[in-house]
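Working notes for the structure below.
What you see below is based on every heavy atom in this structure, not just the backbone, and it leaves out hydrogens, waters and symmetry mates. Please read these numbers as outputs of a predicted model, since none were measured by experiment.
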Amino acid sequence: MKDTTRHQGKRRLLAQILEKKGITNKDVLDAVRKIPRHFFMDSSFEDHAYQDKAFPIAADQTISQPYTVAFQTELLELKKGAIVLEIGTGSGYQTAVLCEVGAKVYSIERQQELFRKTKNFLAKLGYRPKRLTFGDGYLGMPEFAPFDGIIVTAGAPFIPKPLLAQLKIGGKLVIPVGDEVQTMTRIIRKSETDFEKKEYGEFRFVPLLEDKN
């Protein structure tokens, strides 16, 4: 697939749409302008790549709506060099956005088919997360904790305790919580035992499943 001036123009328009919807983080908007989102989708659906919509990908998963990706990333408030855990690698688009904003990314995917495909694909694009793992996102990656940020890209029926435990003091967990419809939730770890929680409206995600597939 090629990345043409037409694609680049569509990305600029997409970034403008996200700004109008309230995204203000310059690094996040720059990432949206830079990353060829159409590469992350089947070429026959290329025209859908720069619409602000979620879209189905392999293994009954979706590539998240660009606004959702930008919103979750913005909520993390990352500094360059921040260590981030991503639960649900999926297509790799969110992973690429995190890499572009300067994060050191550790990512877990529980679908074997997606894990293999995305691992190879990200490397071809030049995105090199610190670690991509096939595993259960509910458990996190305790061996690489603590994290400055944890982002969950699937709907969780509850907040997994292991993820809270893997946050640094001052670290932020951004997670959509709920069954049919999820409430975007950010939790900031204030101390060893104290967590501050804030909610940011309703979203729809595929469910966060336990165990590996």
Side-chain angles (χ1 to χ4, degrees), residues 18 21-23 28 37 40-41 45 48 51-78 84-98 105-115 117-118 132-142 145 147-167 171-190 193-213:
L18 301 187
K21 287 187 171 184
I23 301 299
V28 173
R37 190 170 183 261
F40 293 80
M41 294 163 67
F45 300 116
H48 296 270
Q51 295 173 16
D52 190 24
K53 291 179 183 172
F55 204 78
I57 55 168
D60 294 327
Q61 302 300 297
T62 59
I63 180 170
S64 288
Q65 180 184 354
Y67 173 74
T68 304
V69 171
F71 186 68
Q72 282 194 281
T73 309
E74 187 166 88
L75 282 181
L76 285 171
E77 296 178 332
L78 299 172
V84 176
L85 174 63
E86 176 190 31
I87 308 296
T89 317
S91 69
Y93 181 71
Q94 174 72 77
T95 319
V97 169
L98 291 168
V105 185
Y106 295 79
S107 189
I108 302 175
E109 174 54 54
R110 68 173 289 284
Q111 301 281 358
Q112 182 76 266
E113 174 194 356
L114 263 183
F115 168 70
K117 184 178 173 189
T118 302
L132 283 180
T133 298
F134 171 60
D136 183 346
Y138 277 87
L139 305 177
M141 281 198 206
F147 297 99
D148 297 298
I150 300 176
I151 181 169
V152 179
T153 65
F158 58 89
I159 296 163
K161 286 199 173 124
L163 301 186
L164 293 174
Q166 289 167 42
L167 277 179
K172 299 174 182 75
L173 166 64
V174 175
I175 179 170
V177 182
D179 292 309
E180 294 293 311
V181 177
Q182 294 83 34
T183 300
M184 190 65 74
T185 306
R186 182 172 74 176
I187 294 163
I188 303 175
R189 186 171 200 171
K190 294 294 191 178
T193 55
D194 188 29
F195 296 86
E196 178 185 285
K197 178 177 164 187
K198 191 169 176 186
E199 295 178 343
Y200 293 89
E202 291 185 349
F203 288 77
R204 284 184 185 271
F205 284 79
V206 294
L208 178 66
L209 302 173
E210 287 191 78
D211 303 320
K212 293 182 271 192
N213 182 13

Does the side chain to side chain contact (heavy atoms under 4.5 Å, CB included) test come out yes or no for Leu75 and Lys172, once each step is laid out?
CA-CA 8 Å; Leu75 282 181; Lys172 299 174 182 75; over 6 Å; no

Only pairs at least two apart or in different chains count here, so list each salt bridge (charged side-chain N to carboxylate O under 4.0 Å, His left out) that has a residue in residues 179-189.
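The answer is Glu77-Arg186, Arg189-Glu192.
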
Quick one: does [X]'s side chain have a donor or acceptor within less than 3.5 Å of a partner on [Y]'s backbone?
{"X": "Glu74", "Y": "Ala70", "value": "no"}
{"X": "Glu109", "Y": "Gly90", "value": "yes"}
{"X": "Thr185", "Y": "Thr183", "value": "yes"}
{"X": "Tyr67", "Y": "Ile23", "value": "no"}

Side-chain contact test, heavy atoms from C-beta onward, threshold under 4.5 Å: evaluate it for Leu164 versus Ile150 and give yes or no.
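No, too far: nothing below the 4.5 Å cut-off.
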
Can you find a pair of side-chain heavy atoms, one from Ile187 and one from Ile159, that are under 4.5 Å apart?
yes

We want to know whether Gln72 and Ser64 form a side-chain donor-acceptor pair, criterion being a heavy-atom distance below 3.5 angstrom.
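Looking only at side-chain atoms, Ser64 and Gln72 do not form any donor-acceptor pair under 3.5 Å.
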
Do Ser107 and Glu86 get their side chains close enough for a donor-acceptor pair, meaning under 3.5 Å?
yes

Just to verify, what does Phe40 make a ring pair (Phe, Tyr, Trp, His ring centres under 6.0 Å) with, not counting sequence neighbours?
Tyr93, Phe121

Residues two or more places apart in sequence or in another chain: which of them pass ring pair (Phe, Tyr, Trp, His ring centres under 6.0 Å) with Phe55?
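Ring pair (Phe, Tyr, Trp, His ring centres under 6.0 Å) list for Phe55, sorted by chain: Phe45, His48.
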
Hey, mind stepping through Asp52 and Lys21 against salt bridge (Lys or Arg N to Asp or Glu O under 4.0 Å) and telling me if it holds?
CA-CA 11 Å; Asp52 190 24; Lys21 287 187 171 184; 2.5 Å; yes

Test side chain to side chain contact (heavy atoms under 4.5 Å, CB included) applied to Ile151 and Gln94, step by step
CA-CA 10 Å; Ile151 181 169; Gln94 174 72 77; 3.5 Å; yes

Once the angle between the rings of Phe203 and Phe71 is folded into 0 to 90°, is it parallel (under 30°), tilted (30 to 60°) or perpendicular (over 60°)?
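Answer is parallel, since the angle falls under 30°.
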
